[in-house]
Each structure stands twice: as structure tokens, then as C-alpha cells.
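One structure is given below, encoded as C-alpha cells.
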Amino acid sequence: MYICRLKNICTMDTVVSGIRPTGLLHLGNYFGALRNFIKMQDENDCYFFIADYHSLTTHPTPTDLQTNVRNVLIDYIAAGLNPEKATIYVQSDVPEVCELSLLLSMNVYVGELQRVASFKEKVRRQPQNVNAGLLNYPVLMAADILLHRADKVPVGKDQEQHLEMTRDFAQRFNHIYKHEYFKLPVAYNFGNELVKIPGLDGSTKMSKSDNENSCIYLADTPEVVRKKVMKAVSDSGPTEPGQPKSQAVENLFQLMKAVSAPDALQFFEDQYQNCSIRYGDMKKQLASDMIAFIQPIHERIMELRSQNDYISKVAKIGAEKARASADKTIREVREIIGFKTL
Ligand code: TYM
């Protein structure tokens, strides 16, 4: 039994991913990331964290930071992450990641960081706060992943470029130090294609930083979900069979694909194609399917919000396990680079 278990651990893949505590988790975070975390925790050696250092790139206040970290941890557990299966921790509880980020940054070029799409977007969005943390964001993210020498990284489509950079940095390290040390981790989704869940406001990505009403949070009550969905942007309806869908209507279909049964989706697809669709009916169906999906998670979130001791214990145990893994990597990396105790 003991031997079998050991063998199993040796053949397991290492999985690492994180979510920034910039607000409550929404359906985009769930379908892009969290759903995969939950599926992967049974068969892999998993590290899932709350990326609080990364959230400083947008300067939250200390109270926001603490509350949001706690809320994301609660959302993780409520959605089905099991601290007995996966290592769940807060990024800043494992400061070894800063050392790895620093060491990796010595072989990263400013020009390549300036070309990153997410950096350019942040420069556009927050021109008054183009901090060096924003520029270094992909290096810290690579350090998060390489700290546990990950094989797979479950993320949504928007993180694809960051993963490519992580592989570049890992390969560069291996090449410079002539050591096949880091594996080259891949972005992962069970459905194969990485996903991007759209917003209810016609935008192509549901996002915490955009309009509140475009996001459905896992913690939303049924009334709030219904209200948001009924107010979702649509259009005046198709006027001829087979007409291409507007972005806003395509979004409603995409959201339905995520939460509804295939026959419900097909029913509205047929109605759209023959121009008999009533968006009000489609939204009612979508709202009730979202509520059925979110309600059990919502209820667990409410229960966990009063269990402060349990939440703190999960974070503490997670930090200890993550630090043990991080410490091993940092020691090995130091040795490969050539740091020696004199
Ligand atoms: P963040 O906090 O923006 O998002 C967390 C995860 O949710 C996914 N996601 C989506 N997926 C599909 N549709 C959407 N509308 C949508 N919105 C968000 C994201 O792709 C992501 O997987 N840089 C990361 C945090 C991070 C990280 C890491 C991730 C820091 N270090 C190491 C993986 C590994 C981020 O900003 O995610």
C-alpha cells in the first residue's frame, strides 16, 4: 500500500495556478480556472494560491486586500477545492517566490516585457500608475509556476501569453545554466481549448474590473443573478434566417453553453435561426440555469464566511506545504546558479 502510494506520487503531474484577489470570483474565473482546479485535484500534485502580490500592481487598500484574500479562499473551498487534496495558499505567505522572481528577472529583457499585451492594456487603463510591478508581472507569474516545477497550469485564454513567457524563461534558465532543471509548463483546460467567458454587457470577457453588472459572481444571490441577466445587452433580433449574431447575442449563447443543458441551447439556436427568438425568454432560461448552477456554491460561501478559524487553518497548513516545496526549489536553483555558502 505504502509502495503503491509512493509510486503514484512519483508519476503525478504537478499543477499550479492562482487567481488575483481583486474582488469576488465570477463565472469567468470559474469556467476558465477554478473548474479545472477542482477536476485536477484528485489525480495531480496541486498548488493553488491567491495571487495577492500580483494584485498590488493595481494598488488595493490594505482592508480590501485582506477581505478579498479571505473571500477568494472561501470561494475556492465553496466551489469544491479540498485542502486535504490540494495545497491551497496565499502567495505572500511563501516569500521564496520573490527570490525566484528576482533570479529569473536577470535573464529577462525589458523590451520583451514592454511588448506583453496585458502590460500594454494596463498602461492604457491606468496611465497614472504604470508601476514597475506591472512590467515585471509575467516574471513573478513565471516564478509562481516554476517554484513548484509545474507541468500544467489551468488558466483561461487571457493567460496564454504569460504561459508562453514562462516557458521561454524556464528554457532560458536551463540553457544559460546548462541544466535541464525546469520543466516547460503548459496552459491547460479539460475541454482542450482555453476558454474565455464573455460579459453580460456585450464585452468579450467577463471581468472583475469592468462594469459590475456584466459579471455574475459565485456569491451572487438568485435575485441578483436574475436581475443582471434580465438586463443583459442583446439586440433587436434577427430579421432573416441564418443572420450572423451580434457580439452581445453571441455572448448570451456562449453563457448558455456554459451553464445550460444542450437541448435548451439548441432550442434557442433553432429559434434564432428561424427568427422567432424572444430574448426575454432566453434570458429567463439563462437566469434560472445560472441560479441552479451557482446556488449550492452560494450557500457554501455563506456558511464558510462565519468559519474564520477554519479558513485561517487552511491558509496556515497550505503555506507550510507550499513553503516546503518552494524551499527545495530555491536551494536547488541557488546551487545551479552558483551561490555557495562560504
Ligand atoms: P486573474 O485573477 O485575472 O484570473 C484568474 C483566472 O481566471 C481566468 N479568467 C477567465 N477565464 C475565462 N473567461 C474569463 N472571462 C476569465 N476571467 C478570468 C484567468 O484566465 C485566470 O486563469 N495572472 C493571473 C494570476 C496569476 C497566475 C499565476 C495564474 C498569478 N500567478 C500563476 C496562473 C499561474 C491573473 O491575473 O488571473
Side-chain angles (χ1 to χ4, degrees), residues 14-38 40 46-58 60 68-69 71-72 75-76 79 81 89-92 94 97-98 100-101 104 116-119 121-122 125 133-134 136-167 169-170 185-191 193-211 214-218 251 254-255 257-259 322 326:
T14 301
V15 174
V16 175
S17 195
I19 298 185
R20 277 174 308 148
T22 44
L24 294 165
L25 299 194
H26 53 66
L27 285 181
N29 299 129
Y30 182 84
F31 286 106
L34 196 46
R35 178 177 57 165
N36 288 317
F37 298 3
I38 296 158
M40 293 171 104
C46 291
Y47 295 85
F48 298 123
F49 62 94
I50 297 153
D52 55 348
Y53 283 143
H54 276 106
S55 71
L56 294 184
T57 56
T58 46
N68 289 344
V69 166
N71 282 339
V72 173
D75 287 358
Y76 273 3
L81 268 191
Y89 67 99
V90 180
Q91 186 185 33
S92 62
V94 185
V97 75
C98 301
L100 186 58
S101 177
L104 292 173
V116 175
S118 60
F119 175 70
E121 195 201 322
K122 280 279 155 53
R125 276 181 184 241
L134 271 182
N136 264 327
Y137 190 109
V139 188
L140 180 57
M141 181 160 162
D144 289 323
I145 297 168
L146 300 176
L147 193 61
H148 306 293
R149 302 176 68 195
D151 298 279
K152 291 180 184 153
V153 186
V155 282
K157 183 135 187 75
D158 60 325
Q159 301 296 313
E160 216 166 18
Q161 190 183 22
H162 290 153
L163 258 293
E164 276 166 28
M165 299 186 78
T166 301
R167 282 195 295 280
F169 302 159
V186 290
Y188 190 81
N189 176 39
F190 263 96
E193 292 265 298
L194 300 187
V195 301
K196 181 154 93 169
I197 298 292
L200 291 168
D201 59 349
S203 61
T204 57
K205 188 185 149 200
M206 186 176 281
S207 161
K208 294 176 265 206
S209 36
D210 293 335
N211 168 8
S214 86
C215 260
I216 299 286
Y217 295 106
L218 300 179
N251 289 358
Q254 287 297 325
L255 288 164
K257 194 169 166 205
V259 294

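Both ligands and their constituent atoms are indexed starting at 1 by order of listing.
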What protein heavy atom lies closest to [atom]? Include the residue and the distance to one decimal.
atom	value
atom 6 (C) of ligand 1	A33 CB, 3.7 Å
atom 31 (N) of ligand 1	D144 OD2, 2.7 Å
atom 20 (O) of ligand 1	D158 OD1, 2.4 Å

Taking only distance into account, with no hydrogens and no angle test, what donor-acceptor pairs under 3.5 Å do side-chain atoms of residues 14-24 form with protein atoms, sequence neighbours excluded?
from	atom 1	to	atom 2	distance (Å)
S17	OG	P154	O	2.8
R20	NE	Y137	OH	3.4
T22	OG1	K208	NZ	3.3

Contact between ligand 1 and S207 is defined here as a heavy atom of the residue under 4.0 Å from a ligand atom; is it met?
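S207 does not count as a contact of ligand 1 under the 4.0 Å cut-off.
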
Tell me whether ligand 1 is touched by H26 - counting only heavy atoms on the residue side and a distance under 4.0 Å.
yes

State whether the shortest distance between N or O atoms of Q159 and N or O atoms of ligand 1 falls below 3.5 angstrom.
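Right, the criterion is met.
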
Using the six-membered ring wherever Trp is involved, compare the ring planes of Y47 and Y89 and label them parallel, tilted or perpendicular (cut-offs 30° and 60°).
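Judged by the thresholds at 30° and 60°, the geometry between Y47 and Y89 is perpendicular.
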
Quick one: which of S55, P185, A143, G18 has a heavy atom closest to atom 29 (C) of ligand 1?
G18

Heavy-atom nearest option to atom 10 (C) of ligand 1, drawn from G23, G28, A51
G28

Which of the atoms of ligand 1 are close to H54, meaning less than 4.0 Å from one of its heavy atoms?
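Going through ligand 1 atom by atom, the ones under 4.0 Å from H54 are 30 (C), 31 (N).
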
Proximal ligand 1 atoms for G32, defined as those under 4.0 Å from one of its heavy atoms:
11 (N), 12 (C)

